[in-house]
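Notes follow the structure.
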Amino acid sequence: MPSYGFKAQFAAMVERGQKRQTIRQPWRDGRRPRAGMTAHCFAMMRSPSCRRLARGKIVSVDKIAIELHKARLRVLVEDRVLKADEVEQLAR
């Protein structure tokens, strides 16, 4: 059961269900979260003020890469290069 910590600026959006995705580095031990696992979302993790924002099933996990290619940033999702408008949508 993965636990994710969110900055205070995102806490309200996570609680309301407006922020339903996150981009994270792979776990140090090499494992990855999988669809079907339950994700626990917290604000202010590892502090006395820690509180749970949401809990829900992971629907999908996609590999995302951001790389420098010919002096320009390139974003790939599952090895597919995103167009400029798709990158903007992902960022939002």
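One is the number of the first residue; the rest follow in order along the sequence.
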task = Evaluate the side-chain contact (heavy atoms from CB on, under 4.5 Å) criterion for residues Val61 and Arg34: first the C-alpha distance (whole Å), next the side-chain angles of each, then the deciding distance (0.1 Å), finally the verdict.
result = CA-CA 6 Å; Val61 178; Arg34 297 180 311 281; 5.5 Å; no

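The shortest non-hydrogen separation linking Glu86 to Val81 is OE1-O, 4.4 Å. Here the closest non-hydrogen pair linking Glu78 and Asp62 is OE2-CA, 3.0 Å. Closest non-hydrogen pair, Pro2 versus Pro33, comes out as CG-CB, 4.3 Å.
When the salt bridge (Lys or Arg N to Asp or Glu O under 4.0 Å) test is applied to Arg16, no partner is found at least two apart in sequence or on another chain. The side chain to side chain contact (heavy atoms under 4.5 Å, CB included) check on Met45 picks up Ser3, Phe42, Cys50, with sequence neighbours excluded.
To the nearest 0.5 Å, atom CD of residue Glu15 and atom CZ of residue Arg51 are 4.5 Å apart. Distance check, rounded to the nearest 0.5 Å: CG of Leu53 to CE of Met13 gives 11.0 Å. Here the straight-line distance linking atom NE2 of His40 with atom CE of Met1 works out to 4.5 Å at 0.5 Å rounding.
The 12-atom threshold is not exceeded at CD of Gln89, counting heavy atoms of other residues, nucleotides or ligands nearer than 6.0 Å. For CD of Glu67, the number of neighbouring non-hydrogen atoms (other residues, nucleotides, ligands) closer than 6.0 Å is greater than 12. Within a 6.0 Å radius of CD1 in Ile66, no more than 12 heavy atoms belonging to other residues, nucleotides or ligands are found. Heavy-atom contacts from other residues, nucleotides or ligands closer than 6.0 Å to CZ of Arg74 number more than 12.
Clustering ILVMFWY residues whenever any of their side-chain heavy atoms sit less than 4.5 angstrom apart, transitively, puts Ile23 in the very cluster that holds Leu82. Side-chain heavy atoms closer than 4.5 Å link hydrophobic residues (I, L, V, M, F, W, Y) into clusters, and following such links, possibly through other members, connects Leu90 to Leu73.
Using a 4.0 Å cut-off between a side-chain N of Lys or Arg and a carboxylate O of Asp or Glu, Arg31 and Asp29 qualify as a salt bridge.
A cation-pi arrangement is found for Arg24 relative to Phe6, the charged atom lying closer than 6.0 Å to the ring centre and inside a 45° cone about the ring normal.
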